[in-house]
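Below: the structure, in structure tokens.
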Amino acid sequence: MREENLTLRGMRNLLPDEKAKLNRIEGEIRRLFKIYGFQEVETPTIEPLELFELKSGEEIRHRMYRFTDLGGREVVLRPEATASIVKLVVQEMRSVPLPIKIGYVLNAFRYDEPQYGRYREFKQGGFEIFGAKSPLADAEILEISSRLMEGLGIKDYYIKIGHEGVLRAALNHFSIEESVQDRVLGLIDKERLTEAFEILGSLRKGGEAINIIRSLWEIKSRDPDEAFRRTGEVLKEIPEAVNQLENLREIIELAKASKVGEFLIDMGFARGLDYYTGMIFEVYVKNLKIAVNGGGRYDKLAGLLGWDVPAVGCAPGIDRLSLAMDEKTVPRDDLVCMIISMVKEGDIIAAKLAGMLRLTGVPTLVDYTRRDVSKALSYASKRNVKYVALIGGREVEANTVVLKNMGTGSQEELEIEQVVEKLSSYSLQKA
RNA sequence: GCCGCUGUAGCGUAACCAGGCAGCGCGGUGGCCUGUGGAGCCACUUGUCCGAGUUCGAAUCUCGGCAGCGGCCCCA
């Protein structure tokens, strides 16, 4: 019988090199949790359908892995993490002092067509701040996003940033109701302006709205001052929109103060998730056309779940960061010692030495095969082992081992305590 | 959902355009060589994604399916 492809479309087996690279990225994310005071949590992979029907956005909603479980419940594999995290905070953390800073590293699932940087199961990290309205919190999320890129050695990135509040304030000004706003912003996000304008055109004050939105959409600039000046011009008749714009200006000013990298201000930028209310952004790597991180402010989402608390956050895509990293692989953890027992009588010494080395924290392999010494050495060499301990008839007699340095080829005969002493400097420190 | 490219042993590849014995590398197994030749040598191992068509003859050309990769759309 021949096995067919037993891996599902869009799913991946992660081999040692790729997995090591992903671990490196997760490690960097967790390091930032500590530095910025985020506490890591985990939520269920499977969630009730309602949780994501609230405010996920049409695009994501119809790409969910969705099924009825054996108890008759309508469930989904989480298509993203934010809704779950908000639920966790709302349901379990009401007595924790604000602001609450939550971090996570989770997988998520979307039934998209697989392509470059897109898989049906993917991993994202996340940083979410609850209970802070200040632009300082928005700026901190940008700062973290920037530090993450630098921490991974990715220099050529920029942050595309816009403000959902500005767009919504403008639409509110023309009394356009929220569900229509969601649809229109969704279309603008997809650059389908004509369709968005058709919808607006059919409304009472639609014509004026179209002019404003079109003007905003045209403002895309790497120079924040220029972008804000032009936007201020466009919005001067709409005080609430001017307030929202001021919020974005402050956020960028604060972010600049903490050395956040290059911005691309895009006033026509909207995101596919309906829950955003303020600043929104995506991080791009030049010459890689896909976003590696995205986020923004969502002050109303928690309220829908029963606790009206403002929030801002971001979700870096771990698989995509891996694609963006210059280093193709990260160095493997080197093994320090391999013990080769050439005769049965040597096995007891091998077991004893291996036990002592491992208790000391020295990464150690035992050769189980009793193959030719030369073949065992070949294996040790390919596995990047630093030292080989050989035990043959003579060593059994003398109660010693021969320790060979694989780098230099030199070797010496030692008692096992001396081997442990010599290799103890390679001990992995306890976590 | 639509479009393009690709599919050869466990893995990586050659032969495909221009139809004619499917070859190589790595790996695995067994063996030879006094216990370090990090080797070498010998033997074995295993394959044209699935299905139809054209042809004396198909890995090769045609059609369909499936899958992988990538593009559109959207996102992480």
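In what follows, chains are A, B, ... by sequence order, proteins preceding strands, each numbered from 1. Just so we're clear, the structure is a prediction, and the values are computed from it rather than from any experiment.
- Between the C1' atom of B/rG70 and the CD1 atom of A/Ile290 lies a distance of 12 Å, rounded to the nearest Å.
- Looking at heavy-atom distances under 4.0 Å, A/Gly295 makes no contact with the nucleic acid at all.
- If you take CZ of A/Arg370 and C1' of B/rU36, they are 16 Å apart, rounded to a whole angstrom.
- If you check every strand for non-hydrogen atoms under 4.0 Å, A/Val292 touches sugar and phosphate atoms only.
- In this entry the distance linking OH of A/Tyr116 with C1' of B/rG70 reads 11 Å, nearest Å.
- Projected onto RNA chain B by closest heavy-atom contact, A/Gly409 and A/Met11 fall at different nucleotides, the more 5' of which corresponds to A/Gly409.
- At a cut-off of 3.5 angstrom, counting only N and O atoms as typed in the model, there is no donor on one side facing an acceptor on the other between the side-chain of A/Gln411 and the base of B/rG35.
- Donor-acceptor pairing under 3.5 Å is lacking for the side chains of A/Gln124 and A/Asn107.
- Residue-level contact check: A/Phe122 touches the bases, meaning some heavy atom is under 4.0 Å from a base atom.
- Using a 4.0 Å heavy-atom cutoff across all strands shown, A/Gln115 reaches at least one base atom of the nucleic acid.
- Comparing B/rA59 with B/rC3, their C1' atoms sit 26 Å apart, to the nearest whole Å.
- Between the side chain of A/Arg320 and the base of B/rC75, a donor-acceptor pair under 3.5 Å is found.
- A donor-acceptor pair shorter than 3.5 Å can be found between the side chains of A/Thr369 and A/Asp367.
- The separation of B/rU60 from B/rU55, taken at their P atoms, amounts to 16 Å, rounded to a whole angstrom.
- Here the separation of B/rU54 from B/rC63, taken at their C1' atoms, is 11 Å to the nearest Å.
- Comparing A/Ala315 and A/Glu113, the nucleotide of RNA chain B nearest to each residue sits closer to the 5' end for A/Glu113.
- Comparing B/rC69 with B/rG28, their C1' atoms sit 29 Å apart, to the nearest whole Å.
- With hydrogens and angles left out, the side-chain atoms of A/Arg120 and A/Tyr111 include a donor and acceptor closer than 3.5 Å.
- For A/Leu377 and B/rU36, the CG to C1' distance is 5 Å, given to the nearest whole Å.
- The side chain of A/Lys382 places no N or O atom within less than 4.0 Å of a non-bridging phosphate oxygen (OP1 or OP2) of B/rC26.
- Among the nucleotides B/rG70, B/rC75, B/rG31, the one closest to the side chain of A/Lys375 is B/rG31.
- You'll find a donor-acceptor pair under 3.5 Å spanning the side chain of A/Arg118 and the base of B/rC74, going by distance alone.
- A salt bridge is absent between A/Arg394 and A/Glu397: the closest approach of a Lys/Arg side-chain nitrogen to an acidic carboxylate oxygen does not fall below 4.0 angstrom.
- Counted by atom type alone, A/Glu262 and A/Tyr157 present zero donor-acceptor pairs between their side chains at under 3.5 Å.
- A side-chain donor-acceptor contact under 3.5 Å links A/Ser341 and A/Asp347.
- Rounded to an integer number of Å, the gap from CG of A/Asp112 to P of B/rC75 is 10 Å.
- Side-chain contact check for A/Thr400 and A/Glu413: at least one donor-acceptor pair (N or O, by modelled atom type) lies under 3.5 Å.
- As judged by a 4.0 angstrom heavy-atom cut-off over every strand, A/Glu395 is placed among the base-contacting residues.
- In this structure, the nucleotide among B/rG37, B/rA76, B/rG71 sitting nearest to the side chain of A/Gln124 is B/rA76.
- You'll find that the side chain of A/Lys404 is closest to B/rU36, out of B/rA39, B/rG35, B/rU36.
- Residue A/Asp372 has its side chain nearest to B/rC32 when only B/rC32, B/rG68, B/rG38 are considered.
- Put simply, CZ on A/Phe281 is 10 Å from P on B/rA76, counting in whole angstrom units.
- Taking a pair as Watson-Crick or G-U wobble with both distances under 3.5 Å, RNA chain B forms stems of 3 or more consecutive pairs at B:1-7 with B:66-72, B:10-13 with B:23-26, B:27-32 with B:40-45, B:49-53 with B:61-65.
- Straight-line distance from the OH atom of A/Tyr379 to the P atom of B/rG38: 18 Å, rounded to whole Å.
- Taking atom C1' in both B/rA14 and B/rG25, the straight-line distance is 11 Å, to the nearest Å.
- Using modelled atom types and a 3.5 Å distance limit, the side chains of A/Glu164 and A/Thr277 yield no donor-acceptor pair.
- When rounded to the nearest whole Å, the span between OH of A/Tyr65 and P of B/rC75 equals 19 Å.
- When each of B/rA76, B/rC72, B/rU36 is scored by its nearest atom to the side-chain atoms of A/Ala291, the top-ranked nucleotide is B/rA76.
- For B/rG31 and B/rC17, the P atoms lie 45 Å apart once the distance is rounded to whole Å.
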Show your reasoning for whether salt bridge (charged side-chain N to carboxylate O under 4.0 Å, His left out) applies to A/Glu218 and A/Arg214.
CA-CA 6 Å; A/Glu218 281 167 1; A/Arg214 191 200 306 278; 5.4 Å; no
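- Among the atoms of the strands shown, only primed sugar atoms or phosphate atoms (P, OP1, OP2) are found under 4.0 Å from some heavy atom of A/Ser378.
- Comparing B/rA76 with B/rA18, their C1' atoms are spaced 46 Å from each other, to the whole Å.
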Return a table of donor-acceptor pairs under 3.5 angstrom between the side chains of residues 385-393 of chain A and protein atoms on other chains or two or more places apart.
none

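- Annotation: B/rG4 and B/rG10 have their P atoms spaced 31 Å apart (nearest Å).
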